[in-house]
Each structure stands twice: as C-alpha cells, then as structure tokens.
Amino acid sequence: MSRYLSASVCQPLRFSVSSAKALELLGRHRIICDALMRVFRGECKRLIINIPPRYSKTELVNNFVGWSLGHAPDSEFILTSYAAQLASNNSWQIREMVQHDEYSEIFHDFALRPDSAAKHEWRTSKDGIVYASGAGGTITGYGAGKHRDGFGGAIIIDDPHKADEARSDVIRQGVIEWFQNTLESRKNDPENTPIILIMQRLHEKDLAGWLMDGGNGEEWEHVCLPAIQADGTALWPEKHSIEMLRRMQQAAPYTYAGQYQQAPAPPEGNIFKPDKIEEVDAVPAGTRFVRGWDFAASVEEPGKDPDWTVGYKLGLTPTGRWIIADIVRFRGGPEAVEAALLNTARRDGPGTRIRIPQDPGQAGKSQAANFTKLLAGFTVTAKPVSGDKITRAEPFAAQVNVGNVMMLKAEWNPALIGEKRVFPNGAHDDQVDAGADAFDELNINNFGMLDYMQQLAQQAQQAKTNDATNQNPH
C-alpha cells in the first residue's frame, strides 16, 4: 500500500487529510486511481467514470491533475463542470495543492509562474496551464495536451449536467452539442490528448450515455461504481450503509437508479407507490393545510379527453405525517374555475393556505393577480412553475413510498390512486401536479433531492430504533 501511495496519482491525498484517512480513501477508490494512471501512461485515451455524488470523485481528479503536473510541469489541462464557478473552484484547489510545502518536497522541479493568480487560469514556470470553464462556456484560445510521446495534459469533465436540469431535453442536448462543437476541438493532439469524463448518471441520454452509445464514434473505457455493488454490499459503508441505501432506493427509485446505481432507465410508473398510502377515517387534530391548485380552463367534448382543474388539499400532522384530505376535480371554463376556487376557499376556511401556479409570461402574471384578488381575505401564494413534472413530484413521492402519507376515505380515492400509479405515463397528471405544489408549500423544500432522500432514510432508521426501544424497555 505504501509503495502505491508513493508512486501513484493518489499520493497528494496526504496533503489534505490524515494518513489514516488517505489509506481508507485509497482502498475504496483504487479502481479510479488505477484508471487515471492508465491515462497518464497513455494506455487509455478516453475514460468515463460513473460514481455516486459526494463519493470523493472531485478530490481524486484534482489529485490526478496535481500529481501529473509534478511529473510533467508543462502539461496543459482544461477543466469543465456544469457551472463555471465549480470548475474554477477545482482549479483553485489544485493550485493550492501544488503550492504546499510537502508537494515541493516531492516535486522539486515544479513552480508556478509568478503572475498566476486567477482562479480559473494559472500557469507553471514550464509553460503548463490549467484553464477552467463551465459547460457551454467559451474556450477560444486554449487547448489541452501536447504533440509528443508521453503525457502532456488532458480535458477533464467533472459533472457536466446539473442534476435538476438533466431531464430537460433542450438543456441536456445543449451540453452534448457544446462537447461536440467546442470542447472536442480543444485537443492539441486530436488522437492522443486524453479526455476524462467523471460524473453521476442522471439520464439515459446524458453525456456519458450518449458517448457510450457511440455518440462521437470513439471507444470509451468505462469504470462504473454503483453504490450497491454486484455482491449486494455497499460501496462505501461508512458513508451509506446497505440498509440506508435500500431505504433511499425505496423512497425515490427513479432518481436513485441513475445517481446512485449509475443505471438510469426511463420511468415506467414507479415514481409513486400509491399502495403505501394509508386510508384513514378522520384528520388528526392540529393538522396544517395547504390547498394546491392546477388549472385547466377546459370543458368536456365528445371524443376528447381534456385536462382537469384540480384542487389538492394536503395536510401536515403534528407527528410529521402527511394526509391528503380532499380533492376537487372538474372540467369547466374560466368562470367555473373562478367559482370553484372561491367556493372551495370558503369551505376550507382561512386556516388553509392556498397555492396557485403562475404560468410564464404576462398572461400568467395577470391570471395569478386576478385569482389573488378574488381570494382577498385568504392566505394565497402564487409561484411560477419550474422544473419538469417528475422532478417536482419526487419529493412528495418519496414520502408516499416510505409510508408516511395517509388519505381520508372518500369517493375521489380511486381516481387519485390510479393517476399516481401510472405517473408519468398516464393520460393526466393534474392531481400529481397540484399535490406536488401543495407539498412544496407546506414543506418549503430548501435542500436538494439527494439530501432529502438521506434525511428520509435517517428518519426511518430513527423510527425503527424508537420502536425497538419501546418493545424492549429494559
């Protein structure tokens, strides 16, 4: 192990963490280190590494750049990520590393050029360069690699897609076109300059999927590290135990399949598991309510199946469980929509907040303003709709899937369960949309989906521990 530390790309880990932690990380990530070493030796020109988020991938890649510059100070690197700031931060962390005293003790011939102070661009005394840019950014005038035998730099792509945008066909395709039309042309040696893509999978047709499907006509070596390995064990049990991973998988199967298992698949109605919704006879006292609306000013016509207007009343109980208390669902023109909105608000009472969607453009703003005026005396929130339907639905689906949602027994139950079961492949998703907005308004979701999934797993584990304590008080 010590020989590997002193001879490989993982060596600079000792600068940022304790030696014990370095050995722990090395043992867990040696597959990645070995792949990066093959790139340095010229044995691999095109490398894709898929690994779950927050599993030290950026640290490993930054170490590779710093280690490579120690051996070849004239190397030329281009670093990219979905955001320019993230790419610049990676560049700056590498710059901090190569200025460390211990780095100088190992790589005696390396030095920075005195005028290299920018986070996104800095140079070595041997005319090496590290340049950082966000996906879609300009790279004119910069190149990566050298025309020579032996390593001379690389293009490194670290998470080119933003997680909450990867389901957008337009944004996702824009990243692929930027790779084709801009980034690939930055190879100083078209044949030999390596390209390294390291990312979590987010969609079947993300950049990694497109490349592995023959997108740019080249062969790519693929290193895939799912959170649950083929033998059923956890990849990093100290971070996520197998029990926690299984709970995260249950809570949000579609997101988990891509980001954690690196096996994205088209959603096939598995976003919600509505059979886990418990039917109850009464609403618990002290429940707080929001009525979320999804509007469709449409009427029934023979041979057509138009959208529905839906008012979805969702409550958060004092014990932290959710209850679907009422569904208003109808088809009608603008006058019918306004009447239902006002009559439902009066029936719910001023204690129930109202969430209405604000469509894009001036027309959407005007409609939201009119509805807000109509509902004077009630608490109304109008918010623009952002993100695709699946992304918006998943936080509430996660609560459904872990059995944390109840439903008041009523005649609207079958239609609601049926729509959730086939979402997003059903003919209608109006109830799902309205419920997602109501959940968002009640939950004020200020953190990312991955954090949310982990929090759910932790809550489930705590509940399990409490149950065991109650059963065995002594």
Side-chain angles (χ1 to χ4, degrees), residues 1-2 4-40 47-70 77 79-83 85-98 100 102-103 130 132 154 156-163 196-202 208 221-229 233-242 244-245 248 256 258-262 448-451 453-454 457:
M1 185 71 74
S2 60
Y4 189 76
L5 267 176
S6 62
S8 82
V9 65
C10 286
Q11 184 178 25
L13 282 172
R14 62 192 261 188
F15 303 143
S16 57
V17 295
S18 68
S19 57
K21 183 66 172 178
L23 291 173
E24 178 187 329
L25 287 171
L26 175 61
R28 185 172 296 117
H29 296 103
R30 182 161 184 164
I31 292 174
I32 295 177
C33 294
D34 286 344
L36 295 172
M37 290 295 287
R38 289 195 295 275
V39 172
F40 184 82
L47 174 64
I48 294 173
I49 301 172
N50 294 139
I51 186 172
R54 300 174 188 170
Y55 271 50
S56 300
K57 65 180 178 57
T58 297
E59 182 180 28
L60 290 171
V61 171
N62 289 351
N63 288 340
F64 170 71
V65 177
W67 185 89
S68 300
L69 285 169
F77 288 91
L79 311 180
T80 70
S81 186
Y82 67 81
Q85 182 178 356
L86 293 178
S88 293
N89 287 342
N90 291 344
S91 169
W92 189 252
Q93 289 173 15
I94 298 165
R95 187 180 182 277
E96 296 261 292
M97 177 195 300
V98 301
H100 200 285
E102 291 190 47
Y103 186 94
V130 174
I156 298 178
I157 311 165
D158 183 358
D159 274 340
H161 301 280
K162 189 176 180 181
I196 301 167
L197 169 61
I198 184 164
M199 62 178 287
Q200 56 178 307
R201 293 300 306 277
L202 296 169
E221 179 178 335
H222 184 209
V223 174
C224 185
L225 297 170
I228 299 178
Q229 301 176 94
T233 60
L235 175 63
W236 191 347
E238 297 86 354
K239 186 176 184 71
H240 289 134
S241 68
I242 188 64
M244 178 175 284
L245 289 170
M248 293 163 66
Y256 181 91
Q259 294 178 334
Y260 280 87
Q261 288 305 108
Q262 315 311 314
M449 185 62 195
L450 301 180
D451 292 326
M453 290 161 57
Q454 184 163 337

Quiz item: Are Tyr55 and His240 close enough, and set up right, to give a side chain to side chain contact (heavy atoms under 4.5 Å, CB included), and what steps lead you there?
Solution: CA-CA 10 Å; Tyr55 271 50; His240 289 134; 2.9 Å; yes
Quiz item: Does Gly70 offer a backbone N or O that forms a donor-acceptor pair with the side chain of Tyr103 under 3.5 Å?
Solution: yes
Quiz item: Are Phe77 and Leu69 close enough that some pair of their side-chain heavy atoms sits under 4.5 Å apart?
Solution: yes
Self-check item: Name of the residue among Val65, Asp158, Asn89 meeting side chain to side chain contact (heavy atoms under 4.5 Å, CB included) with Leu79
Solution: Val65
Quiz item: Okay, side chain of Gln262, backbone of Arg201: is any donor-acceptor separation there less than 3.5 Å?
Solution: yes
Self-check item: Verdict with reasoning, Ile228 to Tyr260, per side chain to side chain contact (heavy atoms under 4.5 Å, CB included)
Solution: CA-CA 8 Å; Ile228 299 178; Tyr260 280 87; over 6 Å; no
Exercise. Supply the atom-to-atom distance Arg95 CZ to His100 NE2, rounded to the nearest 0.5 angstrom.
Key: 14.5 Å
Quiz item: Are the side chains of Pro160 and Thr80 in touch, meaning some heavy atoms are under 4.5 Å apart?
Solution: no
Quiz item: Quick one: CG on Leu202 to OH on Tyr82, what's the gap to the nearest 0.5 Å?
Solution: 10.0 Å
Quiz prompt | NE2 on His222 to CG on Leu197, rounded to 0.5 Å | solution = 9.0 Å
Practice problem: I would like to know whether Glu221 and Val39 meet side chain to side chain contact (heavy atoms under 4.5 Å, CB included); could you show each step before the answer? | Solution: CA-CA 10 Å; Glu221 179 178 335; Val39 172; over 6 Å; no
Quiz item: Can you tell me how far the NE2 atom of His29 sits from the CD1 atom of Ile51, to the nearest 0.5 Å?
Solution: 4.5 Å
Exercise. Kindly compute the distance separating CE (Met199) from CD1 (Ile49), expressed to the nearest 0.5 Å.
Key: 12.5 Å
Quiz item: So, for Ala227 and Leu245, which heavy atoms are closest and what is the spacing to 0.1 Å?
Solution: O-CD1, 3.5 Å
Quiz item: Which residues satisfy the side-chain contact (heavy atoms from CB on, under 4.5 Å) test with Ala87, sequence neighbours excluded?
Solution: Ser81, Ala132
Quiz item: So, the side chain of Gln200 versus the backbone of Asp159: is there a donor-acceptor pair under 3.5 Å, distance only?
Solution: no
Quiz item: Is there a donor-acceptor pair closer than 3.5 Å between any side-chain N or O of Ser241 and the backbone N or O of Met244?
Solution: yes
Quiz item: Can you list the steps and then say if Leu36 with Trp67 is a side chain to side chain contact (heavy atoms under 4.5 Å, CB included)?
Solution: CA-CA 11 Å; Leu36 295 172; Trp67 185 89; over 6 Å; no
Exercise. Taking all non-hydrogen atoms of both residues into account, name the closest pair between Met97 and Asn62 and its distance.
Key: CE-O, 4.0 Å
Quiz item: For the residue pair Ala234 and Pro237, what are the closest heavy atoms and their distance?
Solution: O-CD, 3.5 Å
Exercise. Look at atom CD of Gln85 and say whether more than 12 heavy atoms of other residues, nucleotides or ligands are closer to it than 6.0 Å.
Key: no
Quiz item: Distance-only, no hydrogens or angles: does the Lys239 side chain make a donor-acceptor pair with backbone N or O of Arg54 under 3.5 Å?
Solution: yes
Quiz prompt | Pairwise distance CG(Asn63) to CD1(Ile94) - rounded to 0.5 angstrom | solution = 8.5 Å
